[in-house]
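First up is the structure itself, then whatever we jot down about it.
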Amino acid sequence: MRLRPPRRLVRPRQGLTALLTACALVFTGLLATGGAAQAAPAAKAAAWTPKPSPMTTPWTNQVPVDKPLPEYPRPQLTRSDWLNLNGIWDFAVTSADAGQPASFNEQIRVPFPAEAALSGIHRKITQNDKLWYKRTFTVPAGWSGRRVQLNFGASDWRTTVWVNGQQAGAVHSGGYDAFSHDITPLLNGGTNTVVVSVWDPSETGSQAVGKQRIRDVAPHSGGGIFYTASSGIWQTVWLEPTAPAHIARLDMVPNLTDNTLRVTVRGAGTSGQTARVTVSSGGTVVGSATGPVGSAFSVPVPSPRLWTPEDPYLYDVRAELLTGTAVTDAVGSYTGMRSVSVGRVDGVLRPLLNGRFVFQTGTLDQGYWPDGISTAPSDEALRFDLQKHKDLGFNMVRKHIKVEPQRWFYWADRLGLLVWQDMPSMDLRTPDAAARTQWEAEYDRVIDQHRSSPSVVMWVNQNEGWGQYDQARIADEVKAYDPSRLVNNMSGINCCGSVDGGNGDVLDHHVYVGPGVTRPSGTRAAVLGEFGGLGFRVPGHEWFPGGGFSYENQATQTHLNNRFVGLIDAIRQTQMPAGLSASVYTEITDVENEVNGLLTYDRQVVKVDEPRVRAANQALVQASRSPAAPVTLPAGQYRSLRVTTSGLTNRYLRHRDGAAFTDVVDSASSALLKSDATWRIVAGLADSSCYSFESRNYPGQYLRHRDFRIYKEAGDGSALHRADATFCPVAGSGGVRLASYNFPDQYLRHYNAELWLATPGGAHAWDSPALFNEDTTWAVESAWAP
């Protein structure tokens, strides 16, 4: 994207005297504010009442009325002095083209969007509406002599701010990025009034909108993969004092080639100052360096403890602004030492973390809540979804076309999850020039605000062709803007009319239910950007009872567990060895009418067997670190395949009248039967790393699956036949299991003497879990008819 310099706010020079005044919050987020600043909001809180939530999460009824989300909202640029403005604000809705209303007849709990029950408004907002917010505040006396910044974590979409009747800064357009205004000249020294207007056209506009759609806020049928819109202020609003010349941003890139942290200290109002950055571990300084403001310099981090999902170690960082030798501003931060790249491992292009391949297994995380919609009810709730990823054995999360508050990234950094961050898409139609300019500018700001989080390993530019344009150019520009991470030009290049830009670091397919067949190219690693979508409804925990949608409904929790673990096992046993490097399961929780979640939408029920899912994911990750030797078969030779199920070990796979069966074969059997039970093993017709099985007495005819049944059929030259006739061997107890090439979660199984493709957790009779592993394991024996 286009590199833009940070905004420079030129202000009068003032001293440091007030900088050290203790009057506000420490990083833990405990509020300590003057009584005058809180008197008016407290009175409003007494009159405000919440709206009933369509579903209650464990945190719905624990949200404080007047102090929701009290934690310091920007963990990678912290100051001890600040004033949280979350709580009860006066509120009004006018027509979209109206000016400030004469009266504000409602109250809203900020920072929950107007559509959310937790806001206290809980009604549909359309492109014809403008939202108005109003409250008073008093600047703490201890802030005297410093500049006062009014900060918004995010507000969707076009936001204008007035303080004491005067507009503060420029109108902000963007729904997913933070913004600030220096309001010092607008303050009156006593009780101040802030008014905010927000206009959000949602999908009727041309801006980044993600999955938001204008909908009734009450649960309703339909909706598919799109959800209730989220308008207005939806992240923390706070005041913060700064020196006239102060640190505005830290860009930190670990460099493992020389064990340094490459830092750029971005300043506002600076002129002639230098910056000093100190890195500490457990209170002990490990490195410090001084450099120019606005230019990169290196801080030594000798023998670094590397950040990984298993050991997400974070170093403390302190950045200081120096005028001569005097410290005129200071902020706290943190970093993780890790590298992200793409390289060849045993000839296969793979994403690498700290120079090593580790399979990235994660989920699609939409970040929606039944009570707060886009805003989690609490910091504990925000952490909960990420912790559940860890509990279930995942090491990655794809944040799907939404950008979370910065504390979400803090928890991902601290808990140890690799993050694929999507840029929220525009609506499905092709964007015009103005929309493109706006989208790219907002993307730049999103990258800037999260570029220092060690958890973020990949930027995902576009999804399934939604609002697609200039894919190759955008991928190249994002890579140039942040070369420290991987870039995905299009997630789901095989889906929905999307156009692959042909570049970036990964080749990304979507396959439902999957896992399908995704292979790397000579220049891009292979990833499965979406798969799964296994649905299971939990009575009493449905957003709209009976209205749930999934890609494949599961009849019971047993089916769900078997089916899910079968998919993960198929990735481990066949797809990862063939070149797949990452997979994203849809999804971590149900969302509105989607019931694809591993958890219910209200976060009250974990649908799957947590230890079993964790073990499957851990086995997948471990296999990527210590791959097993590939299972090979004697290509070019005749062999017979014997049943290994106890009591049936005298039966062999044979064809009869074009279909495949098992039958008893022994030395007394007829020559025809022995011939029917003999197969020439050849290189796979669709993939030479797998195998096909050619009939001994009907050369040119192969075992193939069709509508789950197994037949012996001649090839018709089609790619479909070649894929159907190709099987990939995986280790079994006492033999080999033969997975379908194009349905790698399905295995060759004998059932009532017939041969079928069977699915773990499947709904057919031949998918029965009884003796599943035994029935799908075959002994490769000497040929009955050599």
Side chains of [X] and [Y]: do they bring a donor and an acceptor to under 3.5 Å?
| X | Y | answer |
| --- | --- | --- |
| H510 | E464 | yes |
| D413 | S455 | yes |
| T363 | D365 | no |
| Q149 | T242 | yes |
| R398 | N463 | yes |
| Q212 | D156 | yes |
| R109 | S119 | no |
| D482 | W459 | yes |
| T586 | N596 | no |
| E592 | T228 | yes |
| T284 | S281 | no |
| R603 | T57 | no |

Heavy-atom side-chain contact between [X] and [Y] under 4.5 Å:
| X | Y | value |
| --- | --- | --- |
| D508 | S491 | yes |
| D448 | R249 | yes |
| K402 | Y176 | yes |
| V527 | Q360 | no |
| S333 | M252 | yes |
| N86 | K67 | no |
| P312 | W307 | yes |

Ring-plane angle category for W82 and W238, please: parallel below 30°, perpendicular beyond 60°, tilted otherwise.
perpendicular

What pair of heavy atoms forms the shortest contact from [X] to [Y], and how long is it?
| X | Y | result |
| --- | --- | --- |
| R407 | L382 | C-CD2, 3.9 Å |
| E320 | A330 | CG-CB, 4.1 Å |
| A616 | I568 | O-CG2, 3.6 Å |
| N503 | R524 | O-NH1, 3.2 Å |
| S583 | F531 | CB-CE2, 3.7 Å |

CA sep, side-chain torsions, deciding dist, call: R276, T290, side chain to side chain contact (heavy atoms under 4.5 Å, CB included):
CA-CA 4 Å; R276 180 168 61 210; T290 302; 3.8 Å; yes

So, D316 and R318, do they make that salt bridge, N to O below 4.0 Å?
no

Note: D590-K607 ion pair, threshold 4.0 Å (strictly below):
yes

Is the W59 to F384 ring centre distance short of 6.0 Å?
yes

Test of ring centre spacing under 6.0 Å for Y585 and F564
yes

Quick check against the 3.5 Å criterion: does D391 have a side-chain atom that pairs as donor or acceptor with the backbone of E610?
no

Around R344, counting heavy atoms of other residues, nucleotides and ligands shown, do more than 12 lie under 6.0 Å from its CZ?
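Correct, the count exceeds 12.
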
